[in-house]
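Values reported hereafter were calculated over all heavy atoms of this structure, with side chains retained and with hydrogens, waters and symmetry mates removed.
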Amino acid sequence: PIVRMKFRYVFGAMNIGYMANNVLPFRMGEVYRAQVVYQLSGLSRTAAFGSVVLERVIDLVFMVPYVGLAVVLFPLPGALRQGAYVLSVGAFLLTIFFVWAAVDRDRVLRMTARALSVLPRQTASAANELFEKFTSGLVVLARKERMVFIVISSLGLWALYAVMCYFVMVSLGLVGTDLPMIDNNVLGAVLVTLVITTIGFVIPGAPGSVGTYHGVAVMGLSLFAVPGDRAAGFAFLLHAL
């Protein structure tokens, strides 16, 4: 709604951002993607970054049903359960704010301006301008006809991630062999692994989440009594895919 971009440019910017995530630390590829969108379309970097943030929040929101099912199917330890809850609640709160900012943007901008008025005039003006541009990247949420496609594609995407986890488990002999905790609860094991490895990606760290992702994946599979060497093999293969 805020700029016209051909699909191949959007697709290209996304892939460049993913590439940058693999060579830059702290998931800086998300910021770099906004720069690429600016170069391709002229859309302000702040508005482009707003759309990237929205995309990531939508990702997390539609992971929540899978988190809920994982918690029901398998008793996560306290710290992991709390982490899953915090991630879910945070995603919902951000979504509520983003929807509000998209549907009633003028009021949100006025309230933000009042809140920032305590700052020096020049600083407040710059902050207001940045926030105004950022929220322009959220206006897709105000278009109800797009939401059906967002819901279907997002739920489908997470289902495909779960299927990939399952097939990697099968390919490495973690299903149907000598691991009864997985065999007795295959769906629970897949969903718990999906949620935990996602947390490993969300945590800012080394380029491509190398190390963080693998450590979290090994820890997650240890809940199902998977030996460390086999869990490490799973983590490396799934991360590569």
Donor-acceptor contact below 3.5 Å, side chain [X] vs main chain [Y]:
X	Y	result
W158	D59	yes
D104	W100	no
H239	F236	no
D183	V175	no
S51	A48	yes
N185	L73	yes
T123	L119	no
S222	M219	yes
S44	A47	yes
Y66	L155	yes

I want to check something: taking the side chain as every heavy atom from C-beta on, are [X] and [Y] in contact at a cut-off of under 4.5 Å?
X	Y	value
C165	L238	yes
E55	R33	yes
S88	V67	yes
P207	N22	no
K133	L130	no

Can you name the nearest heavy-atom pair linking [X] to [Y], along with the distance?
X	Y	result
G220	I196	CA-CD1, 3.5 Å
P227	L179	CD-CD2, 4.2 Å
L116	A127	CD1-CB, 3.7 Å
A13	V37	CB-CG2, 3.9 Å
T197	L194	OG1-O, 3.1 Å
I150	S154	O-OG, 2.7 Å

Just verifying a value: how many Å separate [X] [atom1] and [Y] [atom2], rounded to the nearest 0.5 Å?
X	Y	atom1	atom2	answer
I182	M169	CD1	CE	5.0 Å
R27	S209	CZ	OG	5.5 Å
F49	L43	CZ	CG	13.5 Å
R8	L40	CZ	CG	9.5 Å
R105	T112	CZ	OG1	10.5 Å

Can you hop from [X] to [Y] via hydrophobic side chains spaced under 4.5 Å?
X	Y	answer
L93	L60	no
Y32	Y18	no
Y9	Y38	no
V71	L223	yes
L94	V89	no

Residue [X] excluded, over 12 heavy atoms near [atom1] under 6.0 Å:
X	atom1	result
F134	CZ	yes
F131	CZ	yes
F62	CZ	yes
R146	CZ	no
M111	CE	no

> What do you reckon, are the aromatic ring centroids of F74 and F224 less than 6.0 Å apart?
Replying inline: yes

> Passes side-chain contact (heavy atoms from CB on, under 4.5 Å), F234 versus T193? Steps please.
Replying inline: CA-CA 10 Å; F234 170 87; T193 304; 3.5 Å; yes

> Using 30° and 60° as the class limits, which term best fits the ring planes of F11 and F7: parallel, tilted or perpendicular?
Replying inline: parallel

>> side-chain contact (heavy atoms from CB on, under 4.5 Å), that's the test. Do V168 and L241 meet it? Break it down for me.
In response: CA-CA 9 Å; V168 172; L241 289 171; 3.6 Å; yes

> side-chain contact (heavy atoms from CB on, under 4.5 Å) with E132: which of T46, L109, V108?
Replying inline: L109

>> I'd like to know whether M19 forms a side-chain contact (heavy atoms from CB on, under 4.5 Å) with N15, so could you lay out the CA-CA distance, the side-chain angles of the two residues, the decisive distance to 0.1 Å, and finally the verdict.
In response: CA-CA 6 Å; M19 178 277 296; N15 281 298; over 6 Å; no

> Would you call D178 and R230 a salt bridge, using N to O less than 4.0 angstrom?
Replying inline: yes

> What do the steps show when you test V53 against F98 for side-chain contact (heavy atoms from CB on, under 4.5 Å), and what is the final call?
Replying inline: CA-CA 10 Å; V53 171; F98 284 175; 3.7 Å; yes

